[in-house]
Amino acid sequence: MDGTRFTRNLLDWYDANRRDLPWRDDPGPYPVWISEIMAQQTQMDRVVEYHRRWMRHYPDPEALAKAPEEAVLKSWEGLGYYNRARNIRKAAARIVDEFGGEFPSDPAVIRSLPGIGEYTAGAIASIAFGQPVPAIDANVLRVFARVLDIDTPIREKAGRGQVEACVRELLPEDRPGDFNQALMELGALVCSRLPDCPVCPVKEHCLAHARGTIGARPVLPPGKDIIRINMATGVLVHEGQALIQKRRPDDVWPGLWEFPGGCLEQGETPEEALVREYREEVELDVVPEEKITVVAYSYTRYRVTMHCYLCRPANGDVPAPVFNAAVEGGFVQPASLADYAFPSGHRRLIDFMRNDLRFAELFRLS
DNA sequence: AATACGTGGGT
DNA sequence: TACCCAAGTAT
């Protein structure tokens, strides 16, 4: 392969076709860092709005280090993988404490920050500091699985090693950041799962294209089984307020808020599960009064069907809840539910209630 | 090396 | 409907 020509074709295509992203005008390390963390396992189109809002709230590492974790999680609500948000905040504190608020430029130091792995360190070093280091993400792996026609699973060491060697050889000293971004942009816009080979700027260099093996590249690992679960959750309303609780740090969705509830056990109806879960989690007796809706959502390898009920206390006397499954909790005004970070399923339940006339009074009162 | 960690969009 | 999987990291 003519490496010089490959790189020139790619960069010319990138200059003409790259998307206009907020941090691309002036790629400083802080905006680039935030964009790279947000983009992990997340499509760029979704990142843009979060990034804009983030820069307004936390314009620099100092603002971020000072912000309460609650506020940072709320800013991250809906993006998922919430440890990313926690780690950004921890890293910001280190940047302020150890580096006087200046983002470090040494790749090894960048790599040592929480939440920054091999890929992200390379991306920041090359894009924000112009250092000739690779940044190999899923796009780059897919592109070179095709260009080199790699017939082993691309996430495994052998294939990865081939890709990295190739990237290092092609990486131009003068525009390493643009080169890395161009590979990713190509993977996102042209060399995607179903590639658009006719418009590809490097098809003349592509072995899989020449051999007709594009459809078989990259070689993927076997898919994992999906687990379907049914859950019940209840919005307990007492004196115009709703009960929420904050999830534990070692649990799924650490630090996010939710309505009490849980998985249906064998043979249980959603209502029965709800009554049981309320006893177990908060030691309250509740009566499911009305089905609100059913929310379907998924997380990692689970597909959840969540049955949602409006509940009232079973007895006139309502003792203080005991939070056995959460770090804290309490009754809050329905209107203030907007201020807490919820997992997407619970957020959608809240949105549903806010838009359903049956619950208009509840939300208006608060 | 394998698994957990969220979410939404595409085919 | 049922997958696939996206600018990955931590353990």
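Every chain is numbered from 1, with letters handed out A, B, ... down the list of sequences. The basis for the numbers below is simple: all heavy atoms, side chains too, and nothing from hydrogens, waters or symmetry mates.
OP1 or OP2 of B/dT7 has at least one side-chain nitrogen or oxygen of A/S344 nearer than 4.0 Å. The side chain of A/T120 contributes an N or O atom lying less than 4.0 Å from OP1 or OP2 of C/dT9. Listed pair A/R347 / B/dT7 fails the phosphate criterion, with no side-chain N or O lying under 4.0 Å from OP1 or OP2.
Protein atom OH of A/Y81 is 12 Å distant from nucleotide atom P of C/dT9, rounded to whole Å. Between A/R348 atom CZ and B/dG9 atom P the separation is 10 Å, expressed in whole Å. As a whole-Å value, the separation of A/I136 CD1 from C/dG8 P is 12 Å. Here the C1' atom of nucleotide B/dG6 and the CD atom of A/E77 are 12 Å apart, to the nearest Å. Atom pair A/R84:CZ and B/dG6:P shows a separation of 9 Å (rounding to whole Å applied).
Sorted by first and then second residue, the ring-ring contact (aromatic ring centres under 6.0 Å, His included) pairs with a member in residues 160-208 of chain A read A/F6-A/H205; sequence neighbours excluded.
Near DNA chain C, meaning a heavy atom under 4.0 Å away, the residues from residues 19-57 of chain A are A/R19, A/L21, A/R24, A/E36, A/A39, A/Q40, A/Q41, A/Q43, A/M44.
Evaluation of the ring pair (Phe, Tyr, Trp, His ring centres under 6.0 Å) rule for A/H51 yields A/W23 as partners, not counting sequence neighbours.
Residue A/A138 has its side chain nearest to C/dG8 when only B/dT3, B/dG6, C/dG8 are considered.
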